[in-house]
Structures are given as C-alpha cells and as structure tokens.
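One structure is given here, and the rest of the page talks about it.
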Amino acid sequence: MERTLSLIKPDAVSRNLTGAINSRFEQAGLRIIAQKRLRLTTSQAEKFYEIHRERAFYGSFCEYMSSGPIVAQVLGGENAVLRNRELMGATNPANAEIGTIRRDFGESIEHNAVHGSDSLENAAVEIGFFFSELEIIE
Ligand code: ATP
Ligand code: MG
C-alpha cells in the first residue's frame, strides 16, 4: 500500500471537473484517503514548487497555481505513485495518451489539470506539505 499526493489544479477545479477526475482514480482502484479544497497563496505555491525555481515558467506557473481553488488529496493503493502518474499522462496534454486525465481534461502544458508525486520519497514530503497524519484515514 503506497500513498501519493494528487492536486486537482485551478483550471480543472474551475471547470467543475473534480468528480470526473476523482472517478478516474476510483475506477483504477486508488482510494481517496484524504481530501480538501483550498487556495494557495503565491508564496505557498512557490514553496511547494521550489524544485522548479530556476525554470523559465516558475513565476507564471506559481501565479497560476494560486489563481483559484485547488483540491489536494492523498491517494492510497498498490503502486499508487506510478499508477497515478500513468492515469495522469504526459506533462503536456498534447503528448499524453488517449484516455489519460491530462489528455482528456488538460488545456495546455501549464493548465494540465492535475499534479501527482513522482516518487515515494517526494510523495511523503508533498503529503506532509498539505496534510497532517490525523487527516489521512485509510
Ligand atoms: P507535476 O509535477 O505537476 O505532476 P510533471 O511532473 O509532469 O507535473 P514537471 O516537469 O514537474 O511536470 O512540471 C511541473 C508543472 O509545471 C507541470 O505539471 C506543468 O503544469 C508546469 N510546466 C511544466 N513545463 C512547463 C512549461 N514549459 N511551461 C509552462 N508550465 C510548465
Ligand atoms: Mg513534477
């Protein structure tokens, strides 16, 4: 049983796609074991995405991530980290496989509907950014 952090990004939340995206996770056998809706400040987004601070898109991307509500969630299940990355598809929706969340719901490489942790180690750090252990119910 692994845990991974998932974010439904402002573009998808504003288009009312939370339920449609959540059903992709559930149909694939992942469980939503914690979930909350919140809005990041720009400085909180900059902290969460600190690893990307040298990249050209960092400024505009952090502005976008704080432009409206997001849904943060912990997904649990077998191989949850990799399984979620497969469900999400490639970063750029135009390159993502048909049937993936980003291909079906993403608008652009920046407005690509979802975030998912890329390793078990990063998942633990990212889950701790949004949730306390008390909020995660398996
Ligand atoms: P995520 O970390 O959100 O799960 P990822 O691991 O597929 O996505 P990263 O390379 O970690 O992609 O980039 C983080 C996020 O930054 C992407 O999801 C995307 O929203 C945004 N991003 C990546 N590349 C670009 C770009 N060239 N222009 C604008 N935004 C970008
Ligand atoms: Mg990433």
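Every number for a ligand or one of its atoms is a count from 1 in the order of the listing.
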**Report entry** Closest protein heavy atom to atom 5 (P) of ligand 1, given as residue, atom name and distance to 0.1 Å
**Finding:**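 I find the closest protein heavy atom is Thr91 OG1, 3.5 Å.
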
**Report entry** Shortest protein heavy-atom distance from atom 23 (C) of ligand 1, along with the residue and atom involved
**Finding:**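 I find the closest protein heavy atom is Phe57 CZ, 3.5 Å.
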
Requested in this report: If the plane angle is over 60° it's perpendicular, under 30° parallel, otherwise tilted; pick one for His111 and Tyr64.
Outcome: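 Because their plane-to-plane angle is under 30°, the rings of His111 and Tyr64 count as parallel.
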
**Report entry** N-O pairing of Arg3 and Glu133 below 4.0 Å
**Finding:**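 So Arg3 pairs with Glu133 through a salt bridge.
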
Report task. Please state which part of Ile109 comes within less than 4.0 Å of ligand 1, counting heavy atoms only: side chain, backbone, both or neither. Result ->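 Both backbone and side chain of Ile109 come within 4.0 Å of ligand 1.
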
Report task. Mind checking whether Glu126 contacts ligand 1 via backbone (N, CA, C, O), side chain (CB onward), both or neither, at a 4.0 Å heavy-atom cut-off? Result ->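 Neither; no heavy atom under 4.0 Å.
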
**Report entry** Any Phe105 side-chain heavy atom under 4.5 Å of Val114 side chain
**Finding:**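 Phe105 vs Val114: side chains apart.
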
Query raised in the report: Quick one: does Asn22's side chain get under 4.5 Å of Gln35's, heavy atoms only?
Result: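 SC-SC contact between Asn22 and Gln35 confirmed.
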
For [X], counting its heavy atoms only, list the atoms of ligand 1 lying under 4.0 Å from any of them.
X	value
Gly116	4 (O)
Asn112	17 (C), 18 (O), 19 (C), 20 (O)
Met88	4 (O)
Arg55	10 (O)

Answer yes or no for [X]: is there a heavy-atom contact with ligand 1 below 4.0 Å?
X	result
Asp118	no
Arg102	yes
His111	no

**Report entry** Distance under 6.0 Å and angle within 45° of ring axis: Lys47 vs Phe129
**Finding:**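 Ring-cation test returns no.
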
Query raised in the report: Does any N or O atom in Phe61 lie less than 3.5 angstrom from one in ligand 1, N or O only?
Result: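 Checking ligand 1 against Phe61, no N or O pair falls under 3.5 Å apart.
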
Side-chain donor-acceptor contacts of residues 86-93 below 3.5 Å, not counting sequence neighbours, with atom names and distances?
unit_1: Glu86; atom_1: OE1; unit_2: Arg83; atom_2: NH1; d: 3.1
unit_1: Asn92; atom_1: OD1; unit_2: Ala94; atom_2: N; d: 3.1

Requested in this report: Could you tell me which non-hydrogen atom of Tyr58 sits nearest to which non-hydrogen atom of Glu50, and how far apart they are?
Outcome: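 So the two residues come closest at OH-CA, 4.1 Å.
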
Requested in this report: Nearest heavy atom to atom 18 (O) of ligand 1 wins, so pick from Lys9, Glu110, His115, His52.
Outcome: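 Going through Lys9, Glu110, His115, His52 one by one, Lys9 has the nearest heavy atom to atom 18 (O) of ligand 1.
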
Query - By salt bridge (Lys or Arg N to Asp or Glu O under 4.0 Å) - contacts of Arg15 (at least two apart) - result: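 Asp11, Glu107.
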
**Report entry** More than 12 heavy atoms of other groups within 6.0 Å of Glu138 CD
**Finding:**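 Yes - once you tally the heavy atoms of other residues, nucleotides and ligands closer than 6.0 Å, there are more than 12.
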
